[in-house]
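Notes to accompany the following structure.
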Amino acid sequence: MTSFYAGKMPTEISFKILYLNRFKPGMLYTHILHTHPFVELFYVLSGEGFFMKDEDKIAIKKGDLMIINPGTKHCEYSSEENPLEFFVFAFTDISFELNESSAEYILISESAERQISLDVGKLFRKIYEELCDEKEYYLNMIRNYFEQLIIAISRNEGITLHIAHNNVSQNVAICMQYIDDNINKKLTLDDLAKVACVNKYTLIRQFKKEIGQTPLNYIADKKIKKAIELLYFKEESVEKIAEKLGFINITHFYQMFKRVTGRTPSSYMKNDD
């Protein structure tokens, strides 16, 4: 009888999914350079645009997969004529290496690696379908597809998995979710400490270590990103948006907006760029 698992058992992949988002044409995403302490997978369903890494611009189009490793300062831009539709998935404890060397990002182009692009695209869609349908055991299915996705990428020539240990602690993860769910409210450090059940000074240290900024700066960045979405569609006045997002007053909103983006709120209104 043949024993396939004689000796040492195979190493298992360990990771935690942080978020899975789908951006469709007409939905705005921010053009603010930012970093994450975790990996993002950016898969283009349709359209074209470019990925910006610091001052570098990399063209992206339908079928392309961008792997964004932890600590990479980046953002995405969409073509106005042929806007992007894409998936963004994030997870911890893994990064990817190219030819046994660390890389800030890896682009797998549809034209260059068509088979892996097709395989990855199918897995992205299966994950998103499970997320939307929420059938029985859907979270188990999502994790299963995610493992297949990670392995499919790592089996591509020159790309290997690296155990990154870039996990976000439970306290910080709870606060990040709370901020997302309550972005329209006035949020304080005491609020977050209470939600996470930790001392606020401990929370500050954890945020700075894991996210690279304080909780209050993280809140400000998230609020400004939300403000940009509202400004783009011109659904409300600048004053109403500032009030809606819980800023102290319009002056505070302008000051924070300028600090985060380097621009004025009006410059983000649709057709003004």
Side-chain angles (χ1 to χ4, degrees), residues 2-23 35-51 53 56 58-72 74 76 84-133 137-168:
T2 302
S3 177
F4 292 100
Y5 287 153
K8 185 179 178 181
M9 291 289 287
T11 301
E12 294 186 356
I13 298 173
S14 177
F15 61 89
K16 181 169 68 178
I17 300 171
L18 294 178
Y19 54 79
L20 307 90
N21 297 324
R22 180 176 183 173
F23 290 84
T35 63
H36 303 295
F38 44 78
V39 172
E40 277 190 334
L41 297 182
F42 180 98
Y43 180 77
V44 183
L45 286 166
S46 62
E48 58 186 25
F50 64 87
F51 169 83
K53 203 283 292 183
D56 298 331
I58 300 95
I60 51 177
K61 63 184 183 312
K62 178 182 177 181
D64 285 351
L65 171 68
M66 181 68 75
I67 303 167
I68 307 166
N69 273 326
T72 302
H74 67 282
E76 299 82 28
L84 289 171
E85 179 178 3
F86 57 90
F87 287 128
V88 177
F89 293 172
F91 51 95
T92 68
D93 294 325
I94 293 173
S95 64
F96 292 86
E97 294 183 344
L98 183 61
N99 298 320
E100 300 184 356
S101 298
S102 60
E104 291 185 305
Y105 69 89
I106 302 171
L107 174 62
I108 300 177
S109 174
E110 182 187 34
S111 58
E113 304 287 351
R114 182 166 179 78
Q115 186 54 52
I116 186 174
S117 181
L118 290 173
D119 292 343
V120 165
K122 290 176 182 178
L123 288 169
F124 267 108
R125 287 179 173 84
K126 286 180 179 180
I127 291 170
Y128 192 74
E129 286 172 5
E130 290 289 340
L131 188 67
C132 293
D133 294 342
Y137 307 118
Y138 76 99
L139 291 178
N140 299 77
M141 291 297 292
I142 286 174
R143 185 171 183 86
N144 181 276
Y145 286 136
F146 224 104
E147 286 189 354
Q148 293 182 55
L149 179 63
I150 292 170
I151 293 169
I153 293 170
S154 68
R155 286 179 173 178
N156 193 39
E157 185 176 352
I159 299 177
T160 56
L161 281 177
H162 175 69
I163 306 304
H165 298 300
N166 50 3
N167 194 24
V168 177

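Residue numbers start at 1 and run along the sequence shown. All values derive from a computational prediction rather than experimental measurement. All values below were derived from every heavy atom in this structure, side-chain atoms included, with hydrogens, water molecules and symmetry-related copies excluded.
The minimum heavy-atom distance between D64 and S109, with the atom names listed, is OD1-CA, 3.3 Å. When all heavy atoms are compared, the tightest approach of V44 to K61 is CB-O, 3.2 Å. Taking each heavy atom of I60 and M66 in turn, the nearest pair found is CG2-CE, 4.2 Å. Across every non-hydrogen atom of T72 and E104, the tightest pair is OG1-O, 2.7 Å.
The side-chain heavy atoms of L45 and Y43, taken from C-beta on, include a pair separated by under 4.5 Å. The side-chain heavy atoms of I153 and I67, taken from C-beta on, include a pair separated by under 4.5 Å. Between L84 and S46, every side-chain heavy-atom pair lies at or beyond the 4.5 Å cut-off. When side chains are defined from C-beta on, L41 does not count as touching V120, because their heavy atoms never get closer than 4.5 Å. Within the 4.5 Å cutoff, side-chain heavy atoms of Y105 are placed close to those of F51.
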Quick one: side chains of residues 141-150, donor-acceptor pairs under 3.5 Å with protein atoms, not counting sequence neighbours, listed by atom name and distance.
{"residue": "R143", "atom": "NH1", "partner": "F15", "partner atom": "O", "Å": "3.0"}
{"residue": "R143", "atom": "NH2", "partner": "F15", "partner atom": "O", "Å": "3.1"}
{"residue": "N144", "atom": "OD1", "partner": "Q148", "partner atom": "NE2", "Å": "2.7"}

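Summarising the geometry, atom CZ belonging to R125 is positioned 9.0 Å from atom CD belonging to E129; distances are rounded to the nearest 0.5 Å. Taking CG of L20 as the start and CG of L131 as the end, the distance is 5.5 Å to the nearest 0.5 Å. Atom-to-atom distance recorded for Y138:OH and I127:CD1 is 14.0 Å, nearest 0.5 angstrom. To the nearest 0.5 angstrom, N140 atom CG is 10.0 Å from E130 atom CD.
Relative ring orientation between F86 and F23 is described as parallel, the plane-to-plane angle staying below 30° on a 0-90° scale split at 30° and 60°.
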Test V39 against F96 for side-chain contact (heavy atoms from CB on, under 4.5 Å), laying out the working first. CA-CA 9 Å; V39 172; F96 292 86; 4.2 Å; yes
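Between F87 and F89, the gap from one ring centroid to the other is short of 6.0 Å.
Exactly one of I68, L161, N69 qualifies for a side-chain contact (heavy atoms from CB on, under 4.5 Å) with S95. That residue is N69.
Under 4.0 Å is where a charged nitrogen must lie from a carboxylate oxygen, and between E85 and K62 no such pair does.
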